[in-house]
Structure formats: structure tokens, C-alpha cells
Colleague: 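My questions all concern the structure below.
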Amino acid sequence: MAKPPLSMKPTGWFQVAWSDQVAIGAVHTMKYFDTELIAWRSESGRVTVMNAYCEHLGAHLGFGGHVEGEVIQCPFHGWQWNAEGRNVCIPYEPRPNRGRRMRTYPVAERNESIYIWHDVEGRDPLFDAPDVFASFEDGSSAADYYPQQRLFRESLELHPQYVLENGVDFAHFKFVHNTPIVPVFTRHDFAEPVSYVDFTITFEGDDQQSIDDVKSGVEAINGGLGIAVTKSWGMVDNRTISAITPVDERTSDVRFMAYIGRTPGKDTPRAEAKAKEFGEEIIRQFSQDVHIWSHQRYSDPPALSSSEYEGFTAIRKWSMQFYPDGRGGSAADLQAASTNQKG
């Protein structure tokens with residue numbers, strides 16, 4: 001596999017687990033951004049994500065480490081570390097080691113998901129992770145929807161930016177999903193790290209239909225490159241979350257979640273079954289996109305048609321702010337290229 005031309009260590013919020021994977025007292029192992037990580041939940045319910053290797057002698061806390069109240073204890077020598085990554089106890093010494101600290105990551109837990117803030121420069125979060133309900137400010141909550149349905153695909157050769165670009169790609173519906181949808185974009189707002197893309201849904205052949213007549217559409221909120229949440233209104237009320245997280249320099253994990261709205265007064269077992277079917281169809285269509293992305297090559301500059309130019313240009317320009325060098329590559333790659341040119 002060739003290394004993708006875009007840095008696989010962008011800044012932003014990225015999903016590393018679902019909440020139900022980290023019960024109270026549990027220690028969950030994972031690898032993201034080429035780093036071994038653990039997530040653990042304390043007795044009070046707080047989730048901590050930290051580098052996996054104990055700063056004492058390098059034991060992996062995900063293999064035998066266990067939660068003791070509000071700290072995690074190393075399986076090797078019993079050293080205890082708190083949620084800030086500080087050593088608070090060495091059981092055979094009178095005082096802890098105050099000079100060493102394990103790297104921890106800012107955590108946001110919402111929509112049954114655990115997100116971490118990743119930034120190679122170690123900066124604090126620059127924006128909030130979007131919430132599939134609260135961010136739309138319409139008073140909705142999970143209680144208005146049937147249980148979350150999920151897709152999880154591991155270690156695919158794709159980059160998070162591919163997925164975000166799909167939000168401005170009006171032409172793929174007919175060819176990837178075999179649907180006659182023709183999105184008409186009503187909002188492209190890429191002024192801030194959290195961006196917005198809204199479109200109404202018309203259908204091929206409805207040339208006389210005005211925007212005022214349209215009864216369905218999609219509102220999307222992109223929280224950096226790692227998370228996109230959508231609200232679909234009209235035909236079937238649904239919310240979705242796509243979360244793409246780099247694993248290493250070549251691959252990413254893909255998570256996708258769908259919520260289908262309940263209809264007041266019609267919340268029957270049959271309605272729930274139909275909602276489940278519709279959620280499965282949304283996930284199936286997303287998996288069709290995943291198949292394309294996982295075999296895609298990043299084209300720069302792309303050969304855009306005139307009607308594609310505005311949307312793709314805007315989202316690619318917006319995306320550059322999340323890379324260490326502001327140009328899509330890593331700072332290390334930029335330095336290496338500069339050194340080679342001088343040589």
C-alpha cells in the first residue's frame with residue numbers, strides 16, 4: 001500500500017470507541033494515530049484515554065491493568081495513574097513519582113460515542129465535537145428516535161477527508177446509490193472549523209420544481225475532518241453520524257451511526273421494525289460509499305466539472321487548517337522535502 005498524500009495525523013475530534021465498549025471498571029485497548037492507546041472508565045463514570053505504556057518500565061496497561069476507583073493500576077509493579085496521567089501511588093515507596101506523566105487526551109462522550117481530541121502540537125481543543133441532537137438546536141434528543149444502528153469497518157485504506165468531500169458531491173447519488181436524487185445546495189458555510197452544508201432534495205426530471213415546493217432535505221455539520229452529523233427532514237426523519245479515525249499512516253477505521261425518528265402516537269412494534277429496515281438501508285448506502293473511498297486515490301488538483309468547482313474548492317481549502325503544515329502534509333514530510341531540495 002502506498003502512503004496517502006494527505007497527512008494521517010490531522011487535528012480534531014475523532015471517535016476511538018463506543019460508550020458501551022468501556023463499562024465502569026473496564027480497560028479497552030486500541031491503536032490510533034500510530035499510537036497504542038487505552039480507554040478506561042473510573043468508578044464515578046469518567047472515561048480517560050491515554051497512551052498505553054506505563055511510564056515506569058513500559059508495561060502495556062491494556063493487558064492486565066485494572067481500574068481501582070478513580071485510577072488505573074499497572075499490572076507489572078502496581079504503579080497507579082490518575083485521569084490526568086499523573087502517578088499517584090508507588091505501593092512500595094513513600095511517595096509517587098511526580099516527574100513522569102502519561103500522555104492523556106481530551107475526551108468528549110456523546111451520542112453513545114467516545115471521542116478524543118488529537119493535535120500533534122498538543123494544543124487544547126479549538127472547537128467542540130458536534131452532537132447529532134444538540135448541535136441542531138431544535139430541542140430533539142435520543143428519546144425521539146429508535147435505538148442507534150451501527151456500521152464498523154476496520155483498517156481501510158482511506159483518509160477522513162474523502163468522506164467529508166462526499167458532503168458536497170451531488171453527482172454520485174445516481175451512479176453509486178442508483179437513486180435519482182438531485183441535491184440543490186442551499187448553504188456552504190466554511191468560515192469556521194465547524195462547517196455547515198445544507199441541501200434540499202429534488203429528483204431527476206423535476207425541472208419545474210421550485211425550492212419553495214421541496215418537502216425534504218439534509219442539514220450537515222462537519223466538526224473538523226473526524227466527525228460529520230446530519231439531520232434529514234421530510235420523507236423519513238433520521239440523524240446520522242460518520243466518524244473516520246486514522247489508525248496509522250495508511251489506514252482508518254470507519255464508524256457510521258443512524259437514528260430513525262419515532263412518530264408520536266404511532267410508536268408500534270411494526271413501526272419500529274420498519275424504522276430498523278430504513279436504518280439498515282441508510283447504512284447499506286453508506287457502505288457503498290465506503291467501498292469507493294477504500295479504493296480511491298487522492299487527486300490533486302482534481303479534474304472538476306464547472307458545477308462541482310465551488311463545493312469541492314471550498315471544502316478542500318477549509319480542510320487544510322486541520323493539517324500540521326496547513327497544506328495537507330505533515331510537518332516532518334515538509335521538513336524532509338525542504339532538506340532534500342537543499343541537498
Side-chain angles (χ1 to χ4, degrees), residues 8-126 128-129 131 148 150 152 154-155 226-227 243-248 251-253 255 257:
M8 293 295 277
K9 294 185 178 178
T11 292
W13 290 101
F14 296 89
Q15 186 175 356
V16 294
W18 277 291
S19 295
D20 56 20
Q21 292 180 296
V22 191
I24 288 177
V27 181
H28 178 71
T29 62
M30 58 226 174
K31 178 183 177 181
Y32 289 109
F33 302 104
D34 238 354
T35 302
E36 294 288 336
L37 303 170
I38 59 165
W40 54 278
R41 193 183 295 274
S42 72
E43 187 176 318
S44 66
R46 177 178 180 178
V47 174
T48 297
V49 177
M50 61 179 16
N51 286 0
Y53 296 106
C54 181
E55 284 292 311
H56 176 211
L57 288 175
H60 195 300
L61 299 183
F63 295 90
H66 62 280
V67 177
E68 294 280 347
E70 299 303 305
V71 302
I72 186 167
Q73 181 171 302
C74 177
F76 203 6
H77 297 88
W79 287 38
Q80 294 182 346
W81 305 87
N82 67 12
E84 286 71 45
R86 298 187 185 281
N87 178 234
V88 295
C89 176
I90 301 174
Y92 46 86
E93 298 290 350
R95 61 183 61 87
N97 186 323
R98 296 186 176 89
R100 297 297 285 268
R101 185 173 179 179
M102 295 188 63
R103 182 178 180 185
T104 61
Y105 298 80
V107 170
E109 187 172 11
R110 58 197 53 170
N111 305 140
E112 305 171 60
S113 304
I114 296 170
Y115 302 107
I116 65 167
W117 173 261
H118 175 267
D119 182 67
V120 294
E121 297 177 4
R123 294 172 294 180
D124 290 334
L126 306 174
D128 291 332
D131 185 295
Q148 183 187 87
R150 300 172 177 174
F152 180 43
E154 296 182 84
S155 299
I227 312 168
I244 318 302
T245 307
V247 174
D248 51 34
T251 65
S252 296
D253 283 355
R255 293 177 176 86
M257 294 137 274

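On a predicted model such as this, the values are computed, not experimentally measured, just so you know.
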Colleague: Parallel under 30°, tilted from 30 to 60°, perpendicular over 60°: which one fits the rings of Trp117 and Trp13?
Modeller: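 Rings of Trp117 and Trp13: perpendicular, over 60°.
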Colleague: For the residue pair Ile244 and Phe14, what are the closest heavy atoms and their distance?
Modeller: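 Result for this residue pair: O-CD2, 3.3 Å.
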Colleague: Considering all heavy atoms of both residues, which atom of Gly45 and which atom of Ile24 are nearest to each other, and what is their separation?
Modeller: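 So the two residues come closest at CA-CG1, 4.4 Å.
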Colleague: Are more than 12 heavy atoms, taken from residues, nucleotides or ligands other than Glu84, located less than 6.0 Å from that residue's CD atom?
Modeller: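 Check passes, neighbour count above 12.
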Colleague: Which distance, rounded to the nearest 0.5 Å, do you find between the CZ of Phe33 and the NE2 of His118?
Modeller: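 One finds 4.5 Å between CZ of Phe33 and NE2 of His118.
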Colleague: Could you tell me if the side chain of Ile114 sits less than 4.5 Å from the side chain of His28, heavy atoms only?
Modeller: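 No. Closest side-chain heavy atoms not under 4.5 Å.
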Colleague: Please report the closest heavy-atom contact between Pro96 and Val88, naming both atoms and the distance.
Modeller: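 Nearest heavy atoms, Pro96 then Val88: CB-C, 3.7 Å.
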Colleague: Provide the closest heavy-atom pair for Tyr53 versus Gly58 in the form atom of the first, atom of the second, distance.
Modeller: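 It is CD2-O, 3.3 Å.
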Colleague: To the nearest 0.5 Å, how far apart are CD1 in Ile227 and CG in Asp131?
Modeller: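 Ile227 atom CD1 to Asp131 atom CG measures 10.0 Å (nearest 0.5 Å).
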Colleague: Whether the side chain of Glu70 engages the backbone of Ser44 through a donor-acceptor N/O pair (distance < 3.5 Å, no angle test) should be reported.
Modeller: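 Such a contact is found between Glu70 side chain and Ser44 backbone.
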Colleague: Quick one, Trp40 with Leu61, criterion side-chain contact (heavy atoms from CB on, under 4.5 Å). Give me CA distance, side-chain angles, the key distance, then yes/no.
Modeller: CA-CA 10 Å; Trp40 54 278; Leu61 299 183; over 6 Å; no
Colleague: Between the side chain of Asn111 and the main-chain N/O of Ser113, is any donor-acceptor distance below 3.5 Å?
Modeller: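 The answer is no, because no donor-acceptor pair under 3.5 Å joins these two groups.
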Colleague: Can Gln15 and Met257 be said to form a side-chain contact (heavy atoms from CB on, under 4.5 Å), step by step?
Modeller: CA-CA 12 Å; Gln15 186 175 356; Met257 294 137 274; 3.3 Å; yes
Colleague: Using 0.5 Å steps for rounding, measure from the OH atom of Tyr32 to the OG1 atom of Thr251.
Modeller: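 The OG1 atom of Thr251 is 9.5 Å from OH of Tyr32, to the nearest 0.5 Å.
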Colleague: Answer yes or no: is there a donor N or O on one side and an acceptor on the other, between the side chain of His66 and the main chain of Pro75, under 3.5 Å?
Modeller: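 Such a contact is absent between His66 side chain and Pro75 backbone.
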Colleague: Is the closest side-chain heavy-atom distance between Gln80 and Glu68 below 4.5 Å?
Modeller: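 Gln80 reaches Glu68 side chain to side chain.
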Colleague: If you compare all heavy atoms of His56 against all heavy atoms of Trp79, which two are closest, and at what distance to 0.1 Å?
Modeller: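 Smallest interatomic distance, heavy atoms only, reads CD2-CZ2, 3.3 Å.
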Colleague: Are Thr11 and Arg123 close enough that some pair of their side-chain heavy atoms sits under 4.5 Å apart?
Modeller: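 The answer is yes, as the side chains (C-beta and beyond) meet within the 4.5 Å cut-off.
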Colleague: Nearest 0.5 Å please: distance from the CD1 atom of Ile72 over to the CG atom of Asn82.
Modeller: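 So the CD1 of Ile72 and the CG of Asn82 are separated by 11.5 Å.
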Colleague: Would you say that Val27 contacts Phe63 through its side chain, given a criterion of any heavy-atom pair below 4.5 Å between the two side chains?
Modeller: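 The answer is no, as the side chains (C-beta and beyond) never meet within the 4.5 Å cut-off.
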Colleague: How many angstroms lie between NE2 in His77 and CD in Glu93, if you round to the nearest 0.5 Å?
Modeller: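 Answer for the NE2-CD pair, His77 versus Glu93, is 11.5 Å.
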Colleague: Rounded to the nearest 0.5 Å, what separates atom CZ in Arg86 from atom CE in Met102?
Modeller: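 Going from CZ on Arg86 over to CE on Met102, the span is 13.5 Å.
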Colleague: side-chain contact (heavy atoms from CB on, under 4.5 Å) with Phe152: which residues, sequence neighbours excluded?
Modeller: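 Trp18, Glu154, Asp253, Arg255.
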Colleague: Any side-chain heavy-atom pair from Thr48 and Val107 closer than 4.5 angstrom?
Modeller: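 No, their side chains stay 4.5 Å or more apart.
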Colleague: With side chains defined as the heavy atoms from C-beta onward, is the minimum distance between Lys9 and Asp34 less than 4.5 Å?
Modeller: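 Yes; the side chains approach each other to less than 4.5 Å.
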Colleague: Test of understanding: with ring-ring contact (aromatic ring centres under 6.0 Å, His included), list the residues that count as partners of Tyr115, not counting sequence neighbours.
Modeller: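 Applying ring-ring contact (aromatic ring centres under 6.0 Å, His included) to Tyr115 gives none.
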Colleague: Hey, are the side chains of Glu109 and Arg41 touching, using non-hydrogen atoms and a 4.5 Å cut-off?
Modeller: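 Contact flag for Glu109/Arg41 side chains = yes.
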Colleague: Is Asp119 close to Leu126 at the side-chain level, that is, under 4.5 Å between some pair of heavy atoms?
Modeller: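 The answer is no, as the side chains (C-beta and beyond) never meet within the 4.5 Å cut-off.
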Colleague: Are the side chain of Arg101 and the backbone of Glu55 linked by a donor-acceptor contact shorter than 3.5 Å?
Modeller: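 No, because the side chain of Arg101 does not come within donor-acceptor range (under 3.5 Å) of the backbone of Glu55.
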Colleague: Can Ile38 and His60 be said to form a side-chain contact (heavy atoms from CB on, under 4.5 Å), step by step?
Modeller: CA-CA 9 Å; Ile38 59 165; His60 195 300; 4.0 Å; yes
Colleague: Please give me the minimum heavy-atom distance between Ala26 and Val67, naming the atom from each residue.
Modeller: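 Here Ala26 and Val67 meet closest at O-CG2, 4.0 Å.
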Colleague: Is it true that Arg150 and Asp20 have a side-chain N and a carboxylate O under 4.0 angstrom from each other?
Modeller: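 Yes, charged N to carboxylate O under 4.0 Å.
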Colleague: Given the rule in the side-chain contact (heavy atoms from CB on, under 4.5 Å) test, do Leu37 and Asn51 qualify, once you have shown the distances and angles that lead to the verdict?
Modeller: CA-CA 5 Å; Leu37 303 170; Asn51 286 0; 3.4 Å; yes
